[in-house]
S.K.: 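The structure's right below; bear with me while I get my questions together.
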Amino acid sequence: MKKHGLVTLLCFLLFISFFQNSFAQSDYEIVQGFKNEHKEIEQQIKDATSLEELNVVITSIKEFEGKYAGHKELLDKSLYPDKFDKSIQKLNAAFALRQNDFATIDVLQTEVIELKSQVDFLNERNNELIAQIEDLKWQSKKDKKKLAEYENLIAELRASIKKRDRLVISMVDSLMPPIMREKAVLTTEDKKQIYSDAEREHVIDNVKVTLRDNIKFLEVTSLKPNDIKEIKKQQEEFANTWKAIGPKLVEVYADKEKKTEELLTIDSLFTYWQQNAVEGNVWKSIREEFEKNDILLREFTNGDEFISAVVLYINDEIKSIGVKSKESSEKAYTTFVDSTWYRVVQPVWMNHLIESGMLSNDDKNNIESDIAKWKDTLFPSNWWIYLLLALVLIFAAVIIIIIKKRKPKEVVSEEIKE
Amino acid sequence: MIKTIMPLIILSAFAACSVLTLQPANFAWPIESVLPVSDEGMVLEERYSIEFNAVTLFYEEFQDSSAYNGNSVRMIRDNGGYYYITAAKFKNVYVFRDEEGALVLHNKIFISEPGVEDPAFNQRAPYIELMDKDKKLNLTNEGVEGGNK
C-alpha cells in the first residue's frame, strides 16, 4: 500500500516537473513559435498540389488555433499589426482561396474534355473541306456554278478553322492555370499534372494539326488584304498563348526526348505559318489576279521576283510592238494596265505590300514608269505633226502678207512712169 | 486686504510653475525583443523605433570593447518606462532610463557570478520576470523583488 502511494507521488512529481518545464518557455519563444508555425501552414497551403493535400491543412489550422488559444492575450498584445484572431482568419482565408483554385482547375479539366471532342470533330471536318476545295479549285476556273460553290466552301473552311483554333487555344490555356504560369519553377507535382493532362487530351498533337491546317488553308486559298489582317491577329493571339505556355511545356517535357522534338516542330511550324505561309499566299493571290485575265507572268514568290516578272512582261510586250498586230498589242496593254494593274493590284494590294515591307515605294514607282514607257511606245504622241502644220500655216500667212504689201508699191511706180 | 491677496498670488505662482503631466501612462512592452548587435555596435528595435550603441554596455560587462561582436541583447520596457537589458553570459541586468539622445543607467542588478546562460524577460506587471532556464526572478527598476536591491 505504502509502495503504491510512493509510485503515485513520484508520478505526480514527474507530472508537476513536466508542467513546470512547459511553463519555462518565455513569452518571446511562445510568440516566435506562433509566428513560425503560422508561416509553415501558409507555406503548406501554397504548396498543396491537390484538394486532398489541401484538406489535410485545415486540420493543422484547427490544431494550431487550439494550441495557442491559451496564449491569446499575450499574442494579441505581441503580434503586430495583426492579432491572434486576425492571424487565424488569414489562414482560413488563404485556405478558402486555394480551395477555390482547385475548384477552378477541376472545372477547367472538364472543359478540356469537352473541348477535345469538339476539336476532334472540327479536325475531321476541316480535312474534308480542304479535300473538297482542292477538287473544286480547278473546276471553278471554268464553271461559274463551281466557282460559287468553291467560294462558299472556302468561307466555311475559314470559319471552321477559326473555330477550331480558338478551341485549341482554350485547350492550351486550360492546360496550365494562371497560378501555375506565375511560378518561376514548376514543382515535380505540377509537371506530372501538366504532363498527364497534356497527354490525355493530345494537346501537342492538336496544336500541330492546327498549325498545319492553317498553313494548308493558306496554300489552297486566295485571300484579300483584310483576310490577311485577320490571320495576323489570329497569329498574334496564338503567339501570346504559346509564349506563356510553351517554355513551361518544354520544362515539363525536358526529359522526354521525342516530345521535346515535337515542341520544336511546333515552334518551326508556327514560324513558317507566321513568316512564309502568309507571304506566299499574298503572292499567290496576286498571281491569280493576273491569271484571271490570262496574263501569264513568270513564277514569283517574293518582291524581287515579282518586280522582275512584271518588268520582263512589259519589256516583252514593248519589243513585240510592230511584230504582232496593233490590235493585239493594244489588247495586251489594256488587259494588263487597265483591267489588272490599276483595277486590282494597285488599289487592293499595293498598300498591304508596302506596309508589310514586301515591296517599297521605289519598286512601285519603277513598275509604273515602265508602264508609262509601254504606253508611250504603243501610243506615240503626234505633237511634232501639229507643230509642223502650225509652222507651215505660219509660213504661208507670212508669205501672203508680204505679197499683199508689195502690190501697191508696184502700182505707184507704174503710175509715175506714165 | 493684504491677507486676502497674498494667498491668491502664491496660488497662481504655483500654478504657473507646475509641469503639465499626463497620467496614468503605461510604457510596458508586451514581450521582450531579441536584438542583434551590428558590426558597428548599434542595436535597432524597429517596432518601437529605438536605436542605441551597445559597445559601452559590453565593455562595462566584460571589460572588452569587442565583446559585442556577433552577440545579441534582450531588452524589455516596464510600466514605468525603464528599459531592462541583458545578454547571454551577463552577470547583471542593466536598467536604463531614456533621456535626450541617450539611455542613462539607472540601476545595475547583479544576478549571478557565473552569469546568465540563456536569459529571457517576460512582462509580469508590475514586475519584469527574468528567466534563465528554469530559474525565475522578479525584477523592478530598484532590483530583485525580495532580494538584493
Side-chain angles (χ1 to χ4, degrees), chain A residues 6 8-43 60-61 63-92 94, chain B residues 24-37 43-50 71-81 83-90 93 111-112 115-139 144:
Chain A
L6 204 67
T8 316
L9 185 70
L10 203 66
C11 285
F12 179 71
L13 286 173
L14 267 172
F15 174 74
I16 292 290
S17 72
F18 170 76
F19 202 64
Q20 269 184 336
N21 269 344
S22 73
F23 262 93
Q25 202 180 12
S26 80
D27 292 353
Y28 177 79
E29 279 172 324
I30 294 168
V31 176
Q32 285 305 112
F34 179 88
K35 283 182 183 171
N36 291 340
E37 282 183 49
H38 191 276
K39 255 188 206 163
E40 265 174 38
I41 295 176
E42 267 182 339
Q43 198 56 45
S60 308
I61 296 174
E63 281 173 7
F64 173 67
E65 190 180 3
K67 183 177 170 186
Y68 285 97
H71 300 294
K72 186 176 181 301
E73 202 185 327
L74 170 70
L75 291 165
D76 278 347
K77 282 182 189 168
S78 313
L79 298 172
Y80 183 81
D82 294 334
K83 294 193 171 188
F84 175 73
D85 288 338
K86 180 87 180 171
S87 304
I88 302 294
Q89 262 176 32
K90 271 189 172 175
L91 287 181
N92 284 325
Chain B
N26 183 355
F27 298 98
W29 292 0
I31 53 162
E32 66 171 344
S33 294
V34 181
L35 309 165
V37 186
V43 169
L44 171 66
E45 212 302 331
E46 284 185 20
R47 182 170 166 188
Y48 300 106
S49 300
I50 296 172
N71 249 316
S72 59
V73 296
R74 307 185 86 101
M75 184 177 185
I76 196 165
R77 200 176 188 193
D78 71 6
N79 281 353
Y83 295 97
Y84 296 70
I85 303 177
T86 194
K89 294 176 188 164
F90 268 36
V93 169
I111 304 298
S112 73
V116 285
E117 276 182 55
D118 187 15
F121 289 124
N122 289 329
Q123 185 64 251
R124 299 284 181 263
Y127 305 111
I128 293 295
E129 184 182 72
L130 172 70
M131 286 177 61
D132 186 26
K133 295 195 167 173
D134 295 340
K135 288 174 203 159
K136 288 175 187 177
L137 286 175
N138 282 337
L139 308 177
V144 180

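Throughout, a chain's letter reflects where its sequence line sits, starting with A, and its residues are numbered from 1. Atom set for the values below is all heavy atoms of this structure, side chains included, hydrogens, waters and symmetry mates excluded.
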S.K.: Minimum heavy-atom separation for Lys77(A) and Arg47(B), please, with both atom names.
M.R.: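 Nearest pair, atom of Lys77(A) first, then Arg47(B): O-NH2, 3.2 Å.
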S.K.: Give a yes or no on whether Tyr80(A) atom OH has more than 12 heavy-atom contacts from other residues, nucleotides or ligands under 6.0 Å away.
M.R.: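 Open: at most 12 neighbouring heavy atoms sit under 6.0 Å from OH of Tyr80(A).
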S.K.: Within this structure, what is the CD1-CG distance for the pair Ile30(A) and Asn122(B), rounded to the nearest 0.5 Å?
M.R.: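 Ile30(A) atom CD1 to Asn122(B) atom CG measures 7.5 Å (nearest 0.5 Å).
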S.K.: At what distance, to the nearest 0.5 angstrom, does OG of Ser26(A) lie from CG of Leu130(B)?
M.R.: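 If I round to the nearest 0.5 Å, the distance is 11.0 Å.
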S.K.: Closest heavy-atom contact between Leu74(A) and Pro30(B)?
M.R.: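 Of all heavy-atom pairs spanning Leu74(A) and Pro30(B), the closest is CD1-O, 4.2 Å.
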S.K.: Are Asp27(A) and Arg124(B) packed together at the side-chain level, in the sense that at least one heavy-atom pair is separated by less than 4.5 angstrom?
M.R.: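 Answer yes - side chains close enough.
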